[in-house]
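Here is the structure we will look at, set down as structure tokens.
Counting convention: from 1, in listed order, for ligands and their atoms alike.
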Amino acid sequence: MFVKVTILVKVIVFLVFFVQCDCAPKKKYSELKKCDIGQLADEIASYDAVVKDIMDYVFSGPFKNQTYDELAKFVDKFGARPSGSDVLEQSIDYMIKLTRDEDINDIVTEELEVPEWIRGEEQITMLEPRKKNIQLLGLGKSVSTPEEGITAEVIVVSNFEELAATPDNVVKGKIVLFDPVFTTYSETVVHRSQGAARAAEKGAVASLVRSITPFSINSPHTGSQSYEENITKIPTAAITLEDSDLIRRMYNRGEKVVLNIKMFSELNNKTSRNTLIDLKGRELPEKLVIVSGHIDSWDVGQGAMDDGGGMFISWAAPVILKRLNLRPKRTIRTIFWTAEELGLIGAKAYEEKHRNESHNINFIMESDEGTFAPLGLEVAGNQEARCIIAEILKLFESINASTLVEDDSPGSDIAVIINTGVPGASLYNANEKYFWFHHTEGDTMNVEDPKELDLGAAFWTAVAYIIADLSIDIPR
Ligand SMILES: *[C@@H]1O[C@H](CO)[C@@H](O)[C@H](O)[C@H]1NC(C)=O
Ligand SMILES: [Zn+2]
């Protein structure tokens, strides 16, 4: 997942609202507001048997553990799949073959230009007040330091306001360390994504950020960042919570902290592909219900959680439906986005290329915040659309996945399309630990769980099927 996470805020607002209204927390949306969808409620209820068939097939039938097993084979074979790399392209070819082996052959790829940022040697050494190695991960597209590195004193600020309040002559020639305390991802991540530009504007020679995570065992978390036009590009990296807090304590004591930063990298342009897999609708094939995840990952970790799991439940949807001979009225399109991590590049290219047909996207879904136990959906759309989705979610009470969270801009990649007015949703799941592993070496298969992936795959498949098969389009 890249930048767009408003969910935690939304969930908190959601819970606070219920506390204030004196009802139990976690009530369902359908009970919250008056939803009257008339006879459509009966139509939706009639899908109960199909939902049960899909669940049986996945929880205790031939598809049991399949999502996990296929994800593990994929992750073990390819490992990290950074934007622009050959291994990413090989992993795309592999997914196409895996899908063709299921006799699903409506597959196209769409080429686009993507950045390739290759991390080289990285090292930070604290020189004063004592010698210490500082763990780091350079941030995406960071420029290199000179060969001998950058040696400078550190100033520590918690946020952009503190930096702005610091005189330019104090910042000039220094390394700025941003050490915001993690509240929510969306609130904290700006210090990573814009820190280098803000620090350089004030004359800093490099910038560091306390990793954007609530938990650490001395693990740095990388992520994307953006330089800005006419502002000097300075090297920028994330350091661990532990080292950041150490430097903060020293700084607060008035000790002079001096670091030597060496970071080397390379930036190239490459070609990659979005992958589109269609299970053609039997009545309205031009109308789409899209399920999606991104196939690229960071260069650290294995991209099992971010976003292997999301990609594989989206792969499972047409496969399960094909195997069960369930062909909905509208087309189910699975998309594996490319180059999400370096700035939603694949999704932006898709939105541009398909802008003239966006009225055909009935609903768009994405899983890119973990595939832990599903709890429901985070839904963007008008009141009527949300009422319909809330009614569909009632069919998932048996697996505790009936919660609708209102979010006007859910997801990472799909937000690009939802922001043009298309209704859609991202997977709401029990992902309290997501940011523990996010963008680190710890993003491995050990984060994934076969049962949770089965729950996610069945939920994702059944929701997409019902929306694609309803007698009406999701209103917008
Ligand atoms: C950058 O500098 C150029 C030349 O001075 C100017 O034309 C342009 O508007 C500047 N861009 C921004 C974003 O300030
Ligand atoms: Zn992701």
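- Remark: atom 2 (O) of ligand 1 lies closer than 4.0 Å to at least one protein heavy atom.
- Atom 5 (O) of ligand 1 is not flagged as protein-proximal [any protein heavy atom, distance under 4.0 Å].
- Phe178 and Phe160 have perpendicular rings, their planes meeting at more than 60° on a 0 to 90° scale where under 30° would count as parallel.
- The NE2 atom of His294 and the OD2 atom of Asp368 subtend an angle of 90° at the Zn ion (ligand 2), given to the nearest 10 degrees.
- Looking at Ser207, its side chain never comes within 3.5 Å of a backbone N or O of Ile234 through a donor-acceptor pair.
- For atom 14 (O) of ligand 1, the closest non-hydrogen atom on the protein side is Asn230 ND2, 3.4 Å.
- For Asp306, the N/O/S atom at the shortest distance from the Zn ion (ligand 2) is named OD1.
- Protein heavy atoms are found less than 4.0 angstrom from atom 12 (C) of ligand 1.
- Ring geometry for Tyr434 versus His438: interplanar angle of 30 to 60°, hence tilted.
- For the pairing with His221, the side-chain contact (heavy atoms from CB on, under 4.5 Å) check across Thr240, Thr213, Val209 returns one residue only, Thr213.
- The only option from Ile388, Asn362, Asn360, Ile467 that meets the side-chain contact (heavy atoms from CB on, under 4.5 Å) definition with Asp473 turns out to be Asn362.
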